[in-house]
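What follows is a single structure, written as structure tokens, with notes after it.
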Amino acid sequence: MFLFGSTVKATAIANWHFDSNRNHPNLTTDENVQPKVQLLTNPTRLVIDLPGVTLGYPQTSQRVGLVIKDISIGQLNAETTRMVVTLAPGYTFDLAQVKLLSIGFKIDIGRSR
């Protein structure tokens, strides 16, 4: 669960999955986490860095569907876990519409113009 605040020790990801009904990834951690979110292009990707979080298992990827191609999660470095949500060509994120929730992220996806 994402609770905003400072982290003192490394935390671990206890669980994650993609909720296709609500169109957002759900993550559960064992401590407070302050995520850092950025949007990358070519291909369009939402990158969510979780400082102070260790994954505890090898990088994994989940194929999601036609609009969201896949979601991968892995250890960026010794102190940061990274989740990457990759969109199919022709779709984009509005970074201002990405909502960090206590149970995960709400992602609003639109067509590229």
Side-chain angles (χ1 to χ4, degrees):
M1 181 177 292
F2 282 100
L3 302 172
F4 297 102
S6 62
T7 56
V8 176
K9 62 177 185 152
T11 62
I13 298 224
N15 185 13
W16 78 276
H17 73 279
F18 183 77
D19 183 341
S20 58
N21 293 327
R22 291 192 275 168
N23 204 37
H24 63 80
N26 291 305
L27 288 166
T28 305
T29 65
D30 62 357
E31 294 286 333
N32 298 336
V33 176
Q34 183 67 47
K36 296 178 182 175
V37 181
Q38 62 181 316
L39 183 65
L40 302 178
T41 57
N42 297 323
T44 301
R45 304 173 309 287
L46 180 66
V47 177
I48 304 147
D49 287 337
L50 306 166
V53 175
T54 54
L55 189 55
Y57 51 86
Q59 179 172 331
T60 185
S61 185
Q62 177 180 335
R63 189 123 175 99
V64 177
L66 297 175
V67 176
I68 296 178
K69 288 176 50 176
D70 63 61
I71 298 174
S72 63
I73 189 165
Q75 198 68 45
L76 178 63
N77 57 42
E79 300 170 0
T80 304
T81 294
R82 174 172 278 181
M83 175 179 264
V84 179
V85 179
T86 305
L87 291 184
Y91 290 90
T92 189
F93 294 107
D94 179 354
L95 197 53
Q97 297 299 314
V98 174
K99 306 278 192 262
L100 301 176
L101 308 170
S102 62
I103 58 168
F105 303 92
K106 181 176 183 278
I107 303 169
D108 292 322
I109 301 167
R111 288 257 185 206
S112 299
R113 295 184 185 159

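One finds the OG1 atom of T54 at 11.5 Å from the CG atom of N77 (value rounded to the nearest 0.5 Å). Between T60 atom OG1 and L55 atom CG the span is 8.5 Å, to the nearest 0.5 Å. Considering CG of N42 and CZ of R45, their distance stands at 8.0 Å, rounded to 0.5 Å. Note that the CD1 atom of I73 and the CZ atom of R82 stand 11.5 Å from one another [nearest 0.5 Å]. Taking CG of D49 as the start and OG1 of T80 as the end, the distance is 6.0 Å to the nearest 0.5 Å. Here L76 contributes atom CG and M83 contributes atom CE; the two are 14.0 Å apart, rounded to the nearest 0.5 Å.
Hydrophobic clustering of Ile, Leu, Val, Met, Phe, Trp and Tyr side chains at less than 4.5 Å, counting indirect connections, keeps L50 apart from L40. By the criterion of side-chain heavy atoms lying less than 4.5 angstrom apart, applied directly or through intervening Ile, Leu, Val, Met, Phe, Trp or Tyr residues, V64 is grouped together with L46 in one hydrophobic cluster. Hydrophobic clustering (side-chain heavy atoms under 4.5 Å, transitive across Ile, Leu, Val, Met, Phe, Trp, Tyr) keeps V84 apart from L39. By the criterion of side-chain heavy atoms lying less than 4.5 angstrom apart, applied directly or through intervening Ile, Leu, Val, Met, Phe, Trp or Tyr residues, V67 is grouped together with I48 in one hydrophobic cluster.
Across all non-hydrogen atoms, the minimal contact from P51 to K36 is CG-CE, 4.0 Å. Between I68 and I71, the shortest heavy-atom contact is CG2-CG1, 4.2 Å. Nearest heavy-atom pair, T81 versus Q75, reported as atom, atom and distance to 0.1 Å: OG1-OE1, 3.3 Å.
Counting heavy atoms of neighbouring residues, nucleotides and ligands inside a 6.0 Å radius, atom CD of Q62 exceeds 12 of them.
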